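The structure under discussion appears below in the form of structure tokens.
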Amino acid sequence: TSQRISDDGSTTIPHWHKACNEIIQAGLTAHPNSPIFVYFQGRFLFVQGKLREAMAVFEDGLKQDIEWPEMKHAGYWELVFCSLYTLDWSRGYKYAKQMSAENKWSKAFYCYLEAVFLWSMDKTKIAEVKELLGRIPGLMKRVAGRTIPVEKFALHRALMVIEEDRAPFHPALEIALVWDGMPLIPAVDRERIETIMVEAMPTTNDVEQKAQILLTLMSIKRINGHYDAAIEHGKTALRLQVPDDSYCIPMASLELAHIYLQKGNLKEAERYYNESVSYKNYYLVKKFLEIRQSRMRIEIELAKKKRAD
């Protein structure tokens, strides 16, 4: 489908945007009940940041009699993330619960999503949240001898609550941060998140949570074009003594590289990019961050080539 919403929160319209839309519309005209074309229509809206329109399309599609369960589950998955990015916790819980019941790809992660949405929806449900998190170790599986990265993340967060009795940092917002989904969140909801983070900062004594709050604020400030404030948040995060397995340090360095690239400072962009990729400790969600690091490497090289020309 189309290029997703750009990292500064604006919509990027590639030259083939029109052709993509024409293909989808032609498919829907010829096959109005095709779950594939309905899915692509919803996905096309999603990557443009039209999340509520995308949700309407996915939910209308799911009302059809779909004999292909994988197609239905793909719709549930998209609705989980549409709900996450619009802060619609009850709807997200509904679809995470359906995924958990019907799909076998990663029951551990689906169970974690259930717990995340339930916690976000009603913090008095802590006993039920802990019961869900307690299922995760028994749901873990290995593929080709390896643990699925999202399951490793889910297990780490579950054990943090169950064994360490550490209160979770706004876990739904953490997923948005890790998935690089902040640019997709509507501006009005980003304002709500910013208020939540500013109010949370003085009340937490957990160093990693302070770093996560700073990263969230940094991402929002960058998207809004407030680069100096974003840089200040990032450099403050880098000075914190977070656990070795935390993603906060390499992510903060990568965010700084992104900001300096947007400001046209290639020297600083490359310096912070190199700090991000050279971080020696193993950390959670490393695979997710490597995708963003690869994209940043390409963008830096393109900027250097453009400047040389």
Side-chain angles (χ1 to χ4, degrees), residues 1-13 17 20-21 24-25 28 34-64 66 68-103 105-106 109-122 150 153-154 170-194 196 216 219-220 223 285 288 291-292:
T1 62
S2 168
Q3 172 69 33
R4 58 166 285 172
I5 196 167
S6 66
D7 290 319
D8 63 357
S10 61
T11 305
T12 301
I13 308 296
H17 181 281
C20 182
N21 187 49
I24 293 171
Q25 294 307 317
L28 287 170
S34 166
I36 295 175
F37 285 112
V38 170
Y39 172 82
F40 281 134
Q41 182 187 26
R43 183 66 186 164
F44 188 62
L45 291 166
F46 178 92
V47 297
Q48 294 175 83
K50 299 176 181 178
L51 302 182
R52 289 178 173 83
E53 292 177 51
M55 281 194 281
V57 169
F58 286 127
E59 289 186 325
D60 284 345
L62 289 171
K63 291 174 184 175
Q64 299 177 22
I66 302 174
W68 189 8
E70 290 82 2
M71 203 72 247
K72 183 187 293 184
H73 298 160
Y76 291 160
W77 179 261
E78 298 294 342
L79 282 162
V80 163
F81 280 90
C82 283
S83 303
L84 180 73
Y85 295 148
T86 54
L87 315 189
D88 190 341
W89 312 133
S90 59
R91 187 178 293 189
Y93 177 71
K94 171 187 173 182
Y95 290 112
K97 195 174 182 68
Q98 286 185 276
M99 287 290 284
S100 188
E102 297 180 24
N103 188 272
W105 173 70
S106 176
F109 188 60
Y110 302 147
C111 189
Y112 180 69
L113 287 171
E114 276 189 75
V116 163
F117 282 117
L118 183 59
W119 167 262
S120 301
M121 204 166 58
D122 185 352
V150 292
F153 172 75
H170 300 273
L173 301 183
E174 182 182 31
I175 293 173
L177 186 68
V178 168
W179 249 255
D180 194 21
M182 284 293 171
L184 281 164
I185 296 174
V188 64
D189 294 319
R190 287 202 302 270
E191 288 179 13
R192 289 171 57 196
I193 293 169
E194 186 172 7
I196 292 168
T216 304
S219 181
I220 291 171
I223 292 165
V285 303
F288 296 98
I291 295 171
R292 294 174 63 183

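The structure displayed is predicted, hence computed values, not measured ones.
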Worksheet item: Considering only heavy atoms from C-beta outward, does the side chain of K94 approach that of S83 to under 4.5 Å?
Response: no
Can you give each donor-acceptor pair under 3.5 Å made by side-chain atoms of residues 54-64, sequence neighbours left out, with the distance rounded to 0.1 Å?
unit_1	atom_1	unit_2	atom_2	d
E59	OE2	Y95	OH	2.7

Worksheet, complete the sentence: Correct closest heavy-atom pair for I223 and P183 would be CD1-N, 3.5 Å
Fill in: Approximate separation, where rounding is to 0.5 Å, of I220 CD1 and T216 OG1
6.5 Å
Worksheet, complete the sentence: Minimal heavy-atom distance between M121 and S90, with the atoms involved, is SD-CA, 3.2 Å
Worksheet item: Which residue, I193, V188, I196, forms the side-chain contact (heavy atoms from CB on, under 4.5 Å) with L87?
Response: I193
Worksheet, complete the sentence: Of all heavy-atom pairs linking Y85 and D189, the shortest is O-OD2, 4.4 Å
Discussion item. Does either side chain, that of N103 or that of Y76, offer a donor lying less than 3.5 Å from an acceptor on the other one?
Written reply: no
Practice prompt. Would you please test F46 and L184 for side-chain contact (heavy atoms from CB on, under 4.5 Å) and show each step?
Written response: CA-CA 8 Å; F46 178 92; L184 281 164; 3.9 Å; yes
Worksheet item: Looking at NE2 of H170 and CD of E174, how far apart are the two atoms once the value is rounded to the nearest 0.5 Å?
Response: 11.0 Å
Practice prompt. Report the residues that fulfil salt bridge (Lys or Arg N to Asp or Glu O under 4.0 Å) with E102, sequence neighbours left out, ordered by chain and then residue number.
Written response: none
Worksheet, complete the sentence: To the nearest 0.5 Å, atom CD1 of I24 lies from atom CZ of F44 at 5.5 Å
Worksheet item: With side chains defined as the heavy atoms from C-beta onward, is the minimum distance between Q41 and L28 less than 4.5 Å?
Response: yes
Practice prompt. To the nearest 0.5 angstrom, please state how far the NZ atom of K50 sits from the SG atom of C82.
Written response: 13.5 Å
Worksheet item: Do side-chain atoms of E78 reach the backbone of A74 as a donor and acceptor pair under 3.5 angstrom?
Response: no
Worksheet item: Can you name the closest pair of heavy atoms from M71 and I36 and give their distance?
Response: SD-CG1, 3.9 Å
Worksheet entry | Side-chain donor/acceptor of S100 to backbone N/O of A96, under 3.5 Å | no
Worksheet item: Minimum heavy-atom separation for G92 to V80, with atom names?
Response: O-CG2, 4.3 Å
Worksheet item: Relative to each other, are the rings of W179 and F288 parallel, tilted or perpendicular (30° and 60° limits)?
Response: tilted
Worksheet item: Under 4.5 Å between any side-chain heavy atoms of F40 and C20, yes or no?
Response: no
Worksheet item: From L84 CG over to I175 CD1, what is the distance, rounded to the nearest 0.5 angstrom?
Response: 6.0 Å
Item to complete: Measure the CD-CG distance between Q98 and L79 for me, rounded to the nearest 0.5 Å.
Response: 9.0 Å
Item to complete: Go through the steps to decide whether W89 and Y93 satisfy the test ring-ring contact (aromatic ring centres under 6.0 Å, His included), and finish with yes or no.
Response: CA-CA 6 Å; W89 312 133; Y93 177 71; over 10 Å; no
Discussion item. E53: which residues meet the side-chain hydrogen bond (donor to acceptor under 3.5 Å, both in side chains) condition with it, sequence neighbours left out?
Written reply: none
